[in-house]
Trainee: 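Could you have a look at this structure, given as structure tokens, before my questions?
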Amino acid sequence: MARLLITGGAGFIGSHTCVVLLEAGHDLVVLDDFSNSSPVALERVQELAGRSLELVRGDLRDPVLLEQVFASADAAGAPIEAVIHFAGLKAVGESVAQPLRYWDVNVAGSRALLSTMDAHGCRTLVFSSSATLYGYPETVPIPETAPVQPINPYGHTKASVERMLADLAASAPDAWRIACLRYFNPVGAHPSGRIGEDPNGIPNNLFPFVSQVAIGRRQRLSVFGGDWPTPDGSGVRDYIHVMDLAEGHRAALDALLGDRPQLLTLNLGSGVGASVLEVVRAFEAASGRAVPYEVVDRRPGDAAITVADPSLAAERLGWRTQRSLADMCRDGWAWQSANPQGYQGAS
Ligand code: NAD
Ligand code: UFG
């Protein structure tokens, strides 16, 4: 079992991955500034896993803090063996309005992390990349060989970090073990309903919006476009249960630690598409609540269909998704109904 640094471990995907990694026996140090998460998430992670983790509260971009994290682990005789790097900003619209913030946190933050890792001889990294870097895909399902052509600043920052990692791996191919995981649309929650997605303000993404309509926090869903070239006219995405995604991280880490140094670039998705209207119906069935909606204009920047070709991850990691859209809705509803205001006010 390894000692791991998890940046952004209190966030949506990070918290679920921490549960899986603790359960697998790894020792975790979580670095998070809680700019988009709550310390309550980490308390619940420990409660679910029945094991504790070490928390360092701070900013990824702080080189002094990063040095302290690695140096104190070295001094304790328990060096950090690998890093799973979730910390970052992820809202597409915000990235258009505040590009420098995105370049700073996502790119400069990653560079600071990599420099400190290198200085301490820690050269195993799993990086949170995104299907957003495919832009408007030319072929669906999308293979990893599809062109990287982001269409917004957020996507450019993810593509740039992937570029930086490829350059680094090429500079010392016998040293670095790196996995760039291109997530499709992570949704759902831990089946306990104790941890889940807790967006600030009005959700940008479909799933949290739908679940807030179901719980009565919002009146109705706006379906962005009913005239897409899809079977029912609404947009199609590859939704992946966050627990499947968490298990994908464990599999990627095992593959990196158990094999020769290499750079892996993998889609993490189900390979199955669901339309907005299918999601609405599945969520209504899981929750027993109505989800009123109206079809409005298309959202600028959206693609009609994005679905992963997940076959390379299956081949390289022996991992594939196990959970259905109904499971995503059931577990998402368990979280939403037990925590109508998310982590706010929770203890
Ligand atoms: P999230 O916002 O819930 O989690 C990110 C975490 O990083 C939060 O806990 C936040 O407080 C922390 N953080 C942000 N800036 C930080 C900084 N400067 N220093 C320290 N901590 C900082 O997001 P998530 O959905 O869990 O996403 C995790 C990663 O996966 C991100 O890099 C995101 O870009 C990527 N990703 C997410 C999705 C998605 O749909 N959720 C899709 C593709 C890729
Ligand atoms: N949608 C609606 N109404 C809403 C929100 C979304 O109809 O209120 C539709 C969208 O038009 C799209 C689908 O629901 O057809 C999914 O939209 P999301 O915003 O949930 O997800 P996206 O596929 O647009 O993007 C998400 C993240 C990106 C990430 C991408 C791939 O926001 O950061 O998944 O991982 F890159």
Side-chain angles (χ1 to χ4, degrees), residues 6-17 30-39 41-42 56-62 65-66 84-93 95 101-102 104-106 108-110 112-113 127-135 142 150-152 154-155 157-158 161 181-187 196-200 202-210 212-213 218 220-226 228 230 234-240 242 245 249 267-269 273-277 279-280 293-306 308:
I6 315 291
T7 75
F12 172 44
I13 304 167
S15 57
H16 291 79
T17 306
V30 169
L31 171 68
D32 205 302
D33 67 357
F34 299 111
S35 54
N36 197 38
S37 56
S38 162
L42 289 177
V56 178
R57 185 179 195 135
D59 194 314
L60 172 72
R61 294 165 294 176
D62 178 349
L65 180 68
L66 285 174
I84 304 192
H85 178 31
F86 294 106
L89 304 177
K90 62 167 182 176
V92 170
S95 79
R101 216 177 127 224
Y102 274 69
D104 193 33
V105 175
N106 291 2
S110 298
L113 173 67
F127 171 61
S128 294
S129 189
S130 172
T132 198
L133 50 68
Y134 294 120
I142 309 170
I151 53 170
N152 53 60
Y154 168 63
T157 65
K158 290 293 176 188
V161 175
L181 304 181
R182 296 175 175 172
Y183 314 153
F184 278 66
N185 290 57
V187 300
E197 187 171 13
D198 183 20
N200 277 328
I202 301 171
N204 296 310
N205 298 117
L206 179 66
F207 245 80
F209 204 106
V210 166
Q212 291 191 8
V213 173
R218 316 219 170 258
R220 75 173 59 79
L221 171 73
S222 295
V223 175
F224 297 141
W228 293 102
T230 60
S234 65
V236 169
R237 294 290 181 275
D238 185 335
Y239 297 98
I240 170 171
V242 66
L245 190 59
H249 287 77
N267 288 338
L268 294 190
S275 74
V276 175
L277 298 180
V279 168
V280 167
Y293 67 85
E294 64 178 330
V295 178
V296 301
D297 287 347
R298 292 180 179 187
R299 180 172 65 178
D302 271 352
I305 307 181
T306 59

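Ligands are counted one by one from 1 in listed order, and the atoms in each one are counted from 1 as well. The figures here come from the full heavy-atom set of this structure, side chains too, leaving out hydrogens, waters and symmetry mates. Start at 1 with the first residue, then count along the sequence.
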Trainee: Under 4.0 Å from a heavy atom of Ser128: give me the atoms of ligand 1 that qualify, with their elements.
Mentor: 29 (C), 30 (O), 32 (O), 35 (C)

Trainee: What atoms in ligand 1 come closer than 4.0 Å to a heavy atom of Gly58?
Mentor: 19 (N), 20 (C)

Trainee: Would you check whether Ser129 has a nitrogen or oxygen atom less than 3.5 angstrom from a nitrogen or oxygen atom of ligand 1?
Mentor: no

Trainee: Heavy atoms only: which of Asn185, Val279, Val210 is nearest to atom 25 (O) of ligand 2?
Mentor: Asn185

Trainee: The criterion is ring-ring contact (aromatic ring centres under 6.0 Å, His included); which residues satisfy it with His249, sequence neighbours excluded?
Mentor: Phe86, Tyr183

Trainee: Provide the number and element of each atom of ligand 1 under 4.0 Å from a heavy atom of Asp59.
Mentor: 17 (C), 18 (N), 19 (N)

Trainee: Give the atom numbers and elements of ligand 1 that come within less than 4.0 Å of a heavy atom of Ala10.
Mentor: 9 (O)

Trainee: Which is closest to atom 33 (O) of ligand 2 in terms of heavy atoms, Tyr134, Tyr154, Tyr293?
Mentor: Tyr154

Trainee: Just which atoms of ligand 1 are under 4.0 Å from any heavy atom in Ser130?
Mentor: 43 (C), 44 (C)

Trainee: So if I count the atoms of ligand 2 from 1 in the order they appear, which ones are less than 4.0 Å from some heavy atom of Ser222?
Mentor: 2 (C), 3 (N), 4 (C), 7 (O), 8 (O)

Trainee: So, using salt bridge (charged side-chain N to carboxylate O under 4.0 Å, His left out) as the criterion, who are the partners of Asp59 when residues are at least two apart?
Mentor: Arg61

Trainee: Decide yes or no for Lys90 and Asn36: does some side-chain heavy atom of the first lie under 4.5 Å from some side-chain heavy atom of the second?
Mentor: yes

Trainee: Report, in ascending order of atom number, the atoms of ligand 1 lying under 4.0 Å from any heavy atom of Phe86.
Mentor: 28 (C), 29 (C), 31 (C), 32 (O)

Trainee: Out of Asp33, Leu181, Ile13, Thr17, indicate the one that has the non-hydrogen atom closest to atom 22 (C) of ligand 1.
Mentor: Asp33

Trainee: Using a 4.0 Å cutoff against the non-hydrogen atoms of Asn204, which atoms of ligand 2 qualify?
Mentor: 5 (C), 19 (O)

